[in-house]
A.B. asks: 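Take this structure first; my questions come after.
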There are 2 protein chains.
Amino acid sequence: MPDERPNAATRLPESSELTALFDRAENRHLYRLSYIANALVLPVYDGIKRDFGLSRGEYLLLFCLSHMPVLTARDVAEMTKRPRNSISRAVHRMLDEGYIDRVPDPEDGRQARLSITAKGRALHERIIGRFVDREDEIFGVLDDTEMTALDAILQKLARHVAASAA
Amino acid sequence: MPDERPNAATRLPESSELTALFDRAENRHLYRLSYIANALVLPVYDGIKRDFGLSRGEYLLLFCLSHMPVLTARDVAEMTKRPRNSISRAVHRMLDEGYIDRVPDPEDGRQARLSITAKGRALHERIIGRFVDREDEIFGVLDDTEMTALDAILQKLARHVAASAA
DNA sequence: CACATTTTGTTCCAAATGGAACTAATTGTC
DNA sequence: GACAATTAGTTCCATTTGGAACAAAATGTG
């Protein structure tokens, strides 16, 4: 008969044993992936908020616009999987700060064309390095073969996920 | 001389072109990873909230306790990278619902030993399948070789990230 | 062309969030 | 053993968040 009150008897795990979850979970690939992604980006976002006053959503808007010449708010919502009202707020905030520009679409009165300003681009230049550094720091543990394999796999997964969400 | 107002002239991207970010970003590995993780789990969390009334933090607490016999709130905070007060709230909520159990640690009056109840385990059984399904759905696009490689790489990365965060 | 439907973006508001200050307990230091 | 320093957990509170309802514009349908 199993112990009815394991709580009282079982030893608490050491801090180093907490990673056991990586191997025990039924959905361990998904869990690992999610854990890694979080652990990778959260500290960077914390730094961005502290040093530049940008929330995660605001930075993502800047990031999207720094790689695509013109986007609508809807595009950004789709790319970042965030609700539209959050994007709307971020857009207004970034407009006020002069990081982005907005022009009503002459062909569709509902939507507006968003683009990054020189000031916004300058800010993005200052920030992106942090992500690259973090990326190098973590992915540096992989050898060339692993990195090549991972690159191909992530590319495949990303396209598959993007396609299956649409 | 480049166009001073690309916003006015440039064509808006088709929806299918929004994935161009995957290839353009300086930090594209990190970006892809983060995108995939988000796209994988967000719909599942939405469903859990809708159908079971659990927030992401509450579910993560249940998840952690369903794989580790006893944990402290601090352990859960470390495993999930969430602030301690959020964990504290989740603990009280889940206690009220009878999903988890809490016993003061006899050896350290500051901390409490958390464990899952039978009711909590039953709930977790109902939920975990959704993650497994989602995992199969997305990772199913990979062939055996790729899946094996990804598994090894994620394992390596997860341990490295966990170690470098401590 | 009238009118229902869809789509973009905004506003409203209740709920979630997380930083900071706090209490209680433990550990370290002299 | 006194007292500073640390740690686990909670509470407070201002800010953030996101679902739902909404207005305005566009599209579809008869």
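Below, read A as the first sequence line, B as the second, and so on, with proteins coming before strands; counting in each chain starts at 1. Quick caveat: nothing in here was measured; it's all calculated off a predicted structure. Heavy atoms only: backbone and side chains are in, while hydrogens, waters and symmetry mates are out.
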A.B. asks: Would you say the base of C/dG9 and the side-chain of A/R84 have a donor-acceptor pair closer than 3.5 Å?
C.D. replies: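 When only heavy-atom distances are counted, A/R84 does reach the base of C/dG9 through a donor-acceptor pair under 3.5 Å.
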
A.B. asks: Does B/E107 or B/E58 map to a spot on DNA chain C nearer the 5' end, using the closest nucleotide for each?
C.D. replies: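 Per heavy-atom nearest nucleotide, the more 5' residue is B/E58.
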
A.B. asks: Run the numbers on A/Q111 and A/D105 for side chain to side chain donor-acceptor pair (under 3.5 Å), then give the verdict.
C.D. replies: CA-CA 6 Å; A/Q111 64 193 13; A/D105 188 327; 3.3 Å; yes

A.B. asks: Could you tell me how far apart A/H92 (NE2) and C/dG9 (C1') are, to the nearest whole angstrom?
C.D. replies: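 A/H92 atom NE2 is separated from C/dG9 atom C1' by 8 Å.
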
A.B. asks: Angle, rounded to 10°, between the helical axes spanning five pairs at each terminus of the helix from C/dC1-D/dG30 to C/dC30-D/dG1?
C.D. replies: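 End-to-end axis angle for the helix from C/dC1-D/dG30 to C/dC30-D/dG1: 30°, rounded to 10°.
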
A.B. asks: Could you check B/N85 against B/R93 and say which one's nearest nucleotide on DNA chain C is further toward the 5' end?
C.D. replies: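 First, find each residue's nearest nucleotide; the 5'-ward one identifies B/R93.
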
A.B. asks: Can you say whether a donor on the side chain of A/R89 sits under 3.5 Å from an acceptor on the base of D/dG18, or the other way round?
C.D. replies: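 Side chain to base: pair present.
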
A.B. asks: Compute whether any side-chain donor of one residue and acceptor of the other, for B/H124 and B/Y59, lie under 3.5 angstrom apart.
C.D. replies: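 Yes - a donor-acceptor pair under 3.5 Å links their side chains.
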
A.B. asks: May I ask you to decide if the ring planes of A/F22 and A/Y31 are parallel, tilted or perpendicular, using 30° and 60° as cut-offs?
C.D. replies: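 Plane angle between 30° and 60°, so tilted.
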
A.B. asks: Write down the distance between CZ (B/R82) and P (D/dT16), rounded to a whole number of angstrom.
C.D. replies: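 So the two atoms are 18 Å apart, to the nearest Å.
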
A.B. asks: Mind calculating the distance between CZ (A/R56) and P (C/dG19) to the nearest angstrom?
C.D. replies: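 Atom CZ in A/R56 sits about 14 Å away from atom P in C/dG19.
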
A.B. asks: OH of B/Y59 versus C1' of C/dA16: gap in Å, rounded?
C.D. replies: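 So the two atoms are 20 Å apart, to the nearest Å.
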
A.B. asks: Please state how far atom CZ in B/R50 lies from atom C1' in D/dA20, giving the value in whole angstrom units.
C.D. replies: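 The distance from CZ of B/R50 to C1' of D/dA20 comes to 16 Å, rounded to the nearest Å.
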
A.B. asks: When the side chains of residues 44-51 of chain B are checked against the rest of the protein, which donor-acceptor pairs come out under 3.5 Å, sequence neighbours left out?
C.D. replies:
from: B/D51; atom 1: OD2; to: B/R130; atom 2: NH1; distance (Å): 2.9
from: B/D51; atom 1: OD2; to: B/R130; atom 2: NH2; distance (Å): 2.8

A.B. asks: Can you tell me the distance, in whole Å, between the CG atom of A/D75 and the C1' atom of C/dT8?
C.D. replies: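 These atoms are roughly 11 Å apart.
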
A.B. asks: When you check the phosphate oxygens OP1 and OP2 of C/dG9, does a side-chain N or O of A/S88 lie under 4.0 Å from one of them?
C.D. replies: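 So the side chain of A/S88 is outside the cut-off, no N or O lying under 4.0 Å from OP1 or OP2 of C/dG9.
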
A.B. asks: Quick one: which of C/dT10, C/dT17, C/dA25 gets closest to the side chain of B/D108?
C.D. replies: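 So the side chain of B/D108 is nearest to C/dA25.
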
A.B. asks: Would you say B/F63 and B/L95 are hydrophobically clustered, going by side-chain heavy atoms of ILVMFWY under 4.5 Å?
C.D. replies: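 Yes, same cluster.
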
A.B. asks: Among A/T19, A/D23, A/N27, which one satisfies side chain to side chain donor-acceptor pair (under 3.5 Å) with A/R32?
C.D. replies: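 In the set A/T19, A/D23, A/N27, the residue that makes a side chain to side chain donor-acceptor pair (under 3.5 Å) with A/R32 is A/D23.
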
A.B. asks: If you take atom types as modelled and just measure distance, does the side chain of A/R74 reach the base of C/dT8 with a donor-acceptor pair under 3.5 Å?
C.D. replies: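 Answer no: no donor N or O sits under 3.5 Å from an acceptor.
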
